[in-house]
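Notes for the one structure printed next.
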Amino acid sequence: MATWKTRGLRGSAFESLINSTNEYYRTKGLALVQKIPTPIVPLKFDSERKLITEAYFEKDSTVDYIGVVQEIPICFDAKECQTDTFPLQNIHEHQFKFMSDFEAQGGVAFVLILFTERNDMYYMRFSELKKYVERVNEGHAKNFKYIELDDDYFLRSDGPALVHYLEGINKDIENR
């Protein structure tokens with residue numbers, strides 16, 4: 001049983017940008033994407049601040065977001081990385097399996113990564129993630145480096161679309 005204390009807010013700023021983008025996409029009729037809450041069981045509660053201060057995960061979650069873009073089912077996870085080396089342990093086995101199964105059913109799965117020190121956002125195709133995971137079996141380190149990433153999949157903000165991942169989806173689909 002995994003427990004957390006104050007680590008629960010990691011990535012919340014990045015997720016807020018994604019949520020804002022999702023709302024913009026929804027209002028423009030471009031996509032309908034929802035944040036999937038992680039099921040938790042509270043252990044300690046700070047009633048004065050109305051916060052859960054300690055909890056455990058009820059069960060393994062799938063991914064952070066799921067939805068549909070112009071009739072295409074999508075799912076993705078959002079991750080932050082403070083350095084130029086992304087540890088693959090940040091993608092849990094059950095998440096990887098879910099994304100693999102999702103793609104096998106004709107959906108598009110990906111990971112959005114914010115490199116916080118560089119303030120760069122990256123759209124990682126599932127096929128690219130799979131390549132990094134598979135090379136671990138060949139004795140490679142359990143990570144990938146920023147310099148290995150495909151320049152075409154770095155995201156830019158586009159007005160209200162602060163994390164403009166539709167651009168990444170378009171390239172992903174075109175290059176399949």
Side-chain angles (χ1 to χ4, degrees), residues 6-38 61-70 72-96 98-100 102-103 107-136 140-176:
T6 58
R7 295 173 36 187
L9 295 178
R10 288 181 306 161
S12 62
F14 187 39
E15 286 187 354
S16 292
L17 296 176
I18 294 169
N19 294 341
S20 175
T21 299
N22 288 341
E23 180 60 20
Y24 173 71
Y25 287 165
R26 186 192 64 75
T27 60
K28 292 297 183 185
L30 299 171
L32 180 61
V33 180
Q34 282 194 303
K35 170 88 173 97
I36 304 299
T38 303
S61 156
T62 53
V63 292
D64 291 332
Y65 294 90
I66 197 160
V68 63
V69 175
Q70 307 295 307
I72 300 167
I74 66 164
C75 76
F76 63 94
D77 212 63
K79 302 291 184 186
E80 285 190 26
C81 185
Q82 294 180 351
T83 68
D84 283 356
T85 301
F86 185 93
L88 287 169
Q89 70 189 23
N90 289 351
I91 308 288
H92 302 284
E93 188 176 330
H94 65 273
Q95 292 174 315
F96 182 84
F98 182 84
M99 288 188 278
S100 178
F102 197 88
E103 288 244 332
V108 175
F110 55 96
V111 179
L112 296 178
I113 303 170
L114 173 62
F115 290 92
T116 56
E117 288 297 311
R118 294 175 174 269
N119 200 28
D120 280 345
M121 295 176 288
Y122 189 74
Y123 174 101
M124 178 166 283
R125 298 156 286 149
F126 180 74
S127 60
E128 184 179 11
L129 174 63
K130 187 175 176 183
K131 175 185 82 172
Y132 293 130
V133 169
E134 288 174 347
R135 75 181 187 179
V136 170
H140 195 278
K142 296 177 182 178
N143 60 50
F144 59 84
K145 299 196 181 308
Y146 180 90
I147 60 171
E148 296 180 83
L149 301 176
D150 185 335
D151 287 340
D152 289 341
Y153 288 91
F154 281 95
L155 301 177
R156 58 177 175 69
S157 294
D158 185 14
L162 301 172
V163 184
H164 192 34
Y165 62 83
L166 290 185
E167 193 174 86
I169 293 171
N170 283 334
K171 289 177 188 170
D172 188 353
I173 292 170
E174 286 173 6
N175 294 321
R176 287 181 179 227

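Applying the side-chain contact (heavy atoms from CB on, under 4.5 Å) criterion to Val68, with sequence neighbours excluded, gives Leu32. Qualifying salt bridge (Lys or Arg N to Asp or Glu O under 4.0 Å) partners for Asp120, counting only residues two or more places apart in sequence or in other chains: none. Residues meeting the side chain to side chain donor-acceptor pair (under 3.5 Å) test with Asn175, sequence neighbours left out: Tyr153. With sequence neighbours excluded, the residues that form a side-chain contact (heavy atoms from CB on, under 4.5 Å) with Thr85 are Thr83, Asn143, Lys145. Taking Glu23 as the reference, Arg26 meet the side chain to side chain donor-acceptor pair (under 3.5 Å) condition, with sequence neighbours excluded. Looking at residues two or more places apart in sequence or on another chain, you find no side chain to side chain donor-acceptor pair (under 3.5 Å) involving Tyr24. When the side-chain contact (heavy atoms from CB on, under 4.5 Å) test is applied to Glu167, the partners found at least two apart in sequence or on another chain are Arg156, His164, Lys171. Contacts of His92 classified as ring-ring contact (aromatic ring centres under 6.0 Å, His included), with partners at least two apart in sequence or in another chain: His94. Scored by the side-chain contact (heavy atoms from CB on, under 4.5 Å) test, Lys35 finds Glu15, Asn19, Asp64, Tyr65 as partners (sequence neighbours excluded). In this structure, the ring-ring contact (aromatic ring centres under 6.0 Å, His included) partners of Tyr122, at least two apart in sequence or on a different chain, are Phe154. The salt bridge (Lys or Arg N to Asp or Glu O under 4.0 Å) test applied to Glu148 returns Arg135, not counting sequence neighbours. Contacts of Phe96 classified as ring-ring contact (aromatic ring centres under 6.0 Å, His included), with partners at least two apart in sequence or in another chain: Phe126.
In this structure, Ser157 contributes its side chain and Leu162 its backbone to a donor-acceptor pair below 3.5 Å. Judged by distance alone, with hydrogens and angles left aside, the side-chain atoms of Gln70 form a donor-acceptor pair with the main-chain N or O of Gly29 at under 3.5 Å. Ser20 places no side-chain N or O within donor-acceptor distance of the main-chain N or O of Ser16, the cut-off being under 3.5 Å.
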side-chain contact (heavy atoms from CB on, under 4.5 Å) between Tyr132 and Leu88, worked out: CA-CA 8 Å; Tyr132 293 130; Leu88 287 169; 4.2 Å; yes

Audit row: Gln82, Phe115, side-chain contact (heavy atoms from CB on, under 4.5 Å) steps and yes/no: CA-CA 6 Å; Gln82 294 180 351; Phe115 290 92; over 6 Å; no

Check against side-chain contact (heavy atoms from CB on, under 4.5 Å), Glu128 and Leu149: CA-CA 9 Å; Glu128 184 179 11; Leu149 301 176; 3.6 Å; yes

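Residue Asn119 places its CG atom among 12 or fewer non-hydrogen atoms of other residues, nucleotides or ligands, all under 6.0 Å distant.
At least one side-chain heavy atom of Met99 sits under 4.5 Å from a side-chain heavy atom of Val63. Looking at Ile74 and Ile169, their side chains come closer than 4.5 Å, going by heavy atoms from C-beta outward.
Annotation for Gln95 and Asp77: closest pair NE2-OD1, 3.3 Å, computed over non-hydrogen atoms. Nearest heavy atom pair, residue Val136 against residue Ala141, reads CG2-O, 3.7 Å. Of all the heavy atoms in Ala109 and Asp172, the pair that sits closest is O-OD2, 4.5 Å. Considering every non-hydrogen atom in both Ile113 and Cys81, the closest pair reads CG2-CB, 4.4 Å.
Atom CD of Glu80 sits about 7.0 Å away from atom CZ of Phe14, to the nearest 0.5 Å. The CG atom of Leu17 sits 11.0 Å away from the CG atom of Leu112 when rounded to the nearest 0.5 Å. Atom CG of Leu30 and atom CG of Leu166 lie 6.0 Å apart (nearest 0.5 Å). Atom-to-atom distance recorded for Glu103:CD and Lys130:NZ is 9.0 Å, nearest 0.5 angstrom. If you take OG on Ser127 and CZ on Arg176, they are separated by 7.0 Å, rounding to the nearest 0.5 Å. In this structure, the separation between CZ on Phe110 and OH on Tyr123 is 5.0 Å, given to the nearest 0.5 Å.
The only member of Val108, Ile36, Ile66 that meets side-chain contact (heavy atoms from CB on, under 4.5 Å) when paired with Cys75 is Ile66.
Aromatic pair Tyr25/Tyr165: ring centres closer than 6.0 Å.
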